Amino acid sequence: MAQTYYITTPIYYVNDKPHIGHAYTTLACDVLARFKRLDGFDVTFLTGTDEHGQKVEKAASDKGVSPQSFTDEVSQNFRDLTAQMNFSNDDFIRTTEQRHKLACQEIWQRLEERGHIRLGNYAGWYSVRDEAFFTETEVVDGKAPTGAPVEWVEEPSYFFNLSEWQQPLFDHYEANPDFVGPESRFNEVKSFVKGGLRDLSVSRASFKWGIPVPGDMDHVMYVWLDALTNYITASGWPTDSELGDPAKYAKLWPADLHMVGKDILRFHAVYWPAFLMAADLPLPKRVYAHGWWTNEGQKISKSLGNVIDPNALTAQYGLDQTRYFLMRDVPFGNDGDFSAAAMTRRMNGDLANDLGNLCQRVLSMIFKNCDARMPAVPAQPNDMDQALLAAADDLLDQVRELLDRQAFNEALSVIWQVVAEANRYVDAAAPWALNKTDPVRMAEVLAVLAETIRQIAILTQPVMPHSASLILDQLGVDNAERDFRFISGKRRLASGHQIDKPSPVFPRYLDEAHADG
Ligand code: MSP
């Protein structure tokens with residue numbers, strides 16, 4: 001039976017339109033999901049929307065509509081984004097769904113039955129924008145450390161005994177060195193926990209837009225307890241409820257990876273595992289926190305009016321180009337800056353010049369000089385052929401290892417090293433000159449190149465699904481032979497079939513201001 005892989009994005013607040021930050025988190029998951037599918041895994045990829053809480057309630061009332069109709073509308077924008085970005089999620093969860101309400105109430109009951117929840121009073125600061133509580137010392141000049149405004153809240157509240165989970169959390173971190181990535185962020189999590197944990201307020205009594213606390217209609221659950229639970233809801237839990245699914249739960253839980261942004265790591269690496277331990281449920285295997293994007297050097301914010309709309313970006317540069325740029329330009333885990341110049345450089349350099357020209361030159365020569373028939377990879381390749389084929393054959397192992405640690409940009413960089421090697425090989429072997437002097441050798445050279453391109457295209461499918469499939473179509477690769485069982489020297493490109501006249505897959509971006517790329 002295939003190994004399973006369950007990967008999740010954060011669920012997005014529906015107080016606003018989707019922007020580049022949202023698209024980025026989901027894109028990273030999409031690339032991993034696609035990679036794992038090609039690598040033979042039975043993948044479940046989840047995304048969705050986080051629809052309760054004060055922030056959403058306020059956004060709805062500002063618009064003068066009910067929270068339910070507001071969330072229906074905005075959630076749909078996020079669902080549309082998945083299609084626009086060619087995301088391959090298997091499920092889309094909304095926290096307003098019944099299956100999720102049942103899961104939240106079950107988790108609450110388990111926490112309560114085990115004695116981890118008590119009723120008390122909360123008096124302290126709350127930031128609606130962050131949907132988070134802050135202590136007196138954290139609030140400086142009326143602002144949370146995130147810069148968000150805070151308000152003073154005093155109300156009855158249920159508390160989760162987070163303070164008692166310091167040691168168990170620490171033991172878990174020690175026993176699972178890959179629990180959080182990147183390592184620098186894991187260290188921040190550990191020092192936060194080392195600093196001591198305070199009990200956490202897990203209900204609110206001053207508004208209604210949330211999941212009711214079982215047995216106490218005056219309270220709704222704190223939106224983060226509600227939101228985090230989505231991951232286990234979608235796995236078919238609770239298995240004995242009318243909407244549960246025991247087989248699915250057995251297959252999916254615990255999740256393999258929760259992908260999050262650095263701003264919400266604490267919720268995923270401290271609170272969520274504590275809730276799960278307290279409820280006697282297994283913990284996710286890994287949480288990875290990526291960095292944040294700025295726009296031309298500036299923090300992205302609505303008030304600055306520089307929010308990047310993913311649809312505008314893909315309309316301007318192309319979908320696969322945008323996907324490639326976001327995964328390639330910045331070491332995943334670090335912050336990154338979006339600039340038109342960097343985008344144009346990648347698009348014209350890596351894509352149009354390096355990979356695009358390689359494909360176009362090789363396929364055109366096959367079309368013109370080999371009678372449009374795919375030549376065969378030589379049975380006895382010479383040293384030069386062997387070096388290039390070996391470099392292509394080695395890629396899968398390297399890329400797999402890099403993606404298992406979410407090093408997307410390094411994975412693309414090792415693939416592009418082989419693109420560069422293939423370009424050097426074309427120049428050195430000069431097949432255009434061989435056409436007259438040694439057509440047999442010319443055909444061999446072109447076949448070695450076509451085989452290298454085939455492997456590169458198969459490996460870039462997760463990042464650029466559409467463009468990679470165009471290249472594979474042009475090479476005449478069967479649809480059923482585009483997964484990883486067919487690369488790394490296990491198979492070679494079939495020969496003898498007719499190919500069509502090739503057309504370029506990666507256009508250049510012509511922009512006067514940045515035309516130097
Ligand atoms: N609803 C919570 C998550 C609950 S998960 C159980 C939430 N939603 S959010 O819509 O505000 O943000 C979702 C994700 O978008 C976060 O991972 C966040 O890091 C990411 N980004 C928001 N702005 C971003 C950038 N400028 N750059 C990169 N990612 C950013 O938090």
Side-chain angles (χ1 to χ4, degrees), residues 7-29 46-57 59 71 74-75 77-78 81 85 92-96 100 103-104 107 127-132 144 146-148 185 210-211 221-235 255 257-273 275-276 284 287-304 306-310 313 325-327 329-338 406 408:
I7 180 169
T8 67
T9 75
I11 48 172
Y12 302 106
Y13 285 129
V14 290
N15 62 312
D16 209 354
K17 293 199 295 268
H19 66 67
I20 192 69
H22 308 128
Y24 183 54
T25 316
T26 312
L27 171 62
C29 293
L46 173 73
T47 187
T49 44
D50 186 356
E51 306 190 5
H52 290 127
Q54 237 176 324
K55 171 149 99 172
V56 171
E57 190 185 64
T71 54
V74 186
S75 176
N77 295 338
F78 282 90
L81 179 74
M85 295 292 298
F92 186 101
I93 190 168
R94 300 184 56 189
T95 53
T96 45
H100 182 62
C104 286
I107 219 164
S127 155
V128 175
R129 193 166 95 191
D130 298 332
E131 295 283 20
T146 56
R185 298 258 170 236
I211 294 181
M221 286 182 207
Y222 172 41
V223 66
W224 270 101
L225 173 57
D226 164 345
L228 289 160
T229 301
N230 92 85
Y231 302 127
I232 197 167
T233 305
S235 79
L257 180 65
H258 294 321
M259 180 71 78
V260 301
K262 63 179 184 179
D263 53 318
I264 57 172
L265 179 59
R266 185 180 296 181
F267 297 94
H268 286 83
V270 181
Y271 301 173
W272 179 227
F275 295 150
L276 288 169
V287 179
Y288 191 93
H290 66 67
W292 270 46
W293 285 91
T294 50
N295 184 359
E296 306 280 354
Q298 273 193 318
K299 190 176 173 217
I300 296 178
S301 86
K302 254 200 296 186
S303 50
L304 289 173
N306 65 350
V307 174
I308 302 176
D309 170 2
L313 207 58
F325 173 82
L326 293 173
M327 290 291 99
D329 210 52
V330 174
F332 201 67
N334 293 5
D335 290 339
D337 184 41
F338 178 85
Q406 290 74 47
F408 298 92

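Just follow the structure's listing: the first ligand is 1, and inside any ligand the first atom is 1. Note that the coordinates shown come from a computational prediction; the quantities given were computed from them, not determined experimentally.
Atom 23 (N) of ligand 1 has its closest protein heavy atom at His19 CE1, 3.2 Å. Nearest to atom 14 (C) of ligand 1 among the protein's heavy atoms is Tyr12 CE2, 3.7 Å. Among all protein heavy atoms, the one lying closest to atom 15 (O) of ligand 1 is His22 CD2, 3.7 Å. Protein heavy atom at the shortest distance from atom 8 (N) of ligand 1 is Tyr13 CD1, 3.3 Å. Taking atom 1 (N) of ligand 1 as the reference point, the nearest protein heavy-atom neighbour is Asp50 OD2, 2.7 Å. Among all non-hydrogen protein atoms, the one lying nearest atom 19 (O) of ligand 1 is Asp263 OD1, 2.6 Å. For atom 6 (C) of ligand 1, the nearest non-hydrogen atom of the protein is Tyr231 OH, 3.5 Å.
Between Trp293 and ligand 1, an N or O atom pair is found at a separation short of 3.5 Å. For the pair Trp292 and ligand 1, the shortest N or O to N or O distance falls below 3.5 Å. Distances between N or O atoms of Gly261 and those of ligand 1 include at least one value under 3.5 Å.
Heavy-atom contacts of His268 reach the following atoms of ligand 1: 5 (S), 6 (C) (cutoff under 4.0 Å). Taking every non-hydrogen atom of Gly291 and a distance limit under 4.0 Å, the qualifying atoms of ligand 1 come out as 28 (C). In summary, the atoms of ligand 1 found under 4.0 Å from a heavy atom of Ala227, numbered by their order in the structure, are 6 (C). Near His290, with a cut-off below 4.0 Å to any heavy atom, the atoms of ligand 1 are 28 (C), 29 (N).
Ionic pairing of Glu131 and Lys55 is not present here: no N-O contact between side-chain nitrogen and carboxylate oxygen is shorter than 4.0 angstrom.
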Query raised in the report: Going through the checks in order, is the side chain to side chain contact (heavy atoms under 4.5 Å, CB included) test met by Phe267 and Val260?
Result: CA-CA 10 Å; Phe267 297 94; Val260 301; over 6 Å; no
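With a 4.5 Å cut-off on side-chain heavy atoms, Val56 and Thr71 count as touching.
Neither the backbone nor the side chain of Phe267 has any atom closer than 4.0 Å to an atom of ligand 1 (non-hydrogen atoms only).
Relative ring orientation between Tyr13 and Trp224 is described as perpendicular, the plane-to-plane angle rising above 60° on a 0-90° scale split at 30° and 60°. The aromatic rings of Phe332 and His290 sit tilted, their planes meeting at an angle between 30° and 60°. Ring geometry, Phe275 versus Tyr271: the interplanar angle falls from 30° to 60°, so the pair is classed tilted.
Checked against the 6.0 Å centroid criterion, the rings of Tyr231 and His268 qualify as a close aromatic pair. A ring-centre distance under 6.0 Å is found for Phe338 and Phe325. The aromatic ring centres of Tyr24 and Trp293 sit less than 6.0 Å apart.
Remark: among candidates Ile11, Ile264, Thr294, Leu225, the nearest residue to atom 2 (C) of ligand 1 is Ile11, based on non-hydrogen atoms.
Among the candidates Thr95, Asn230, Thr233, the single residue satisfying the side chain to side chain donor-acceptor pair (under 3.5 Å) test with His100 is Thr233.
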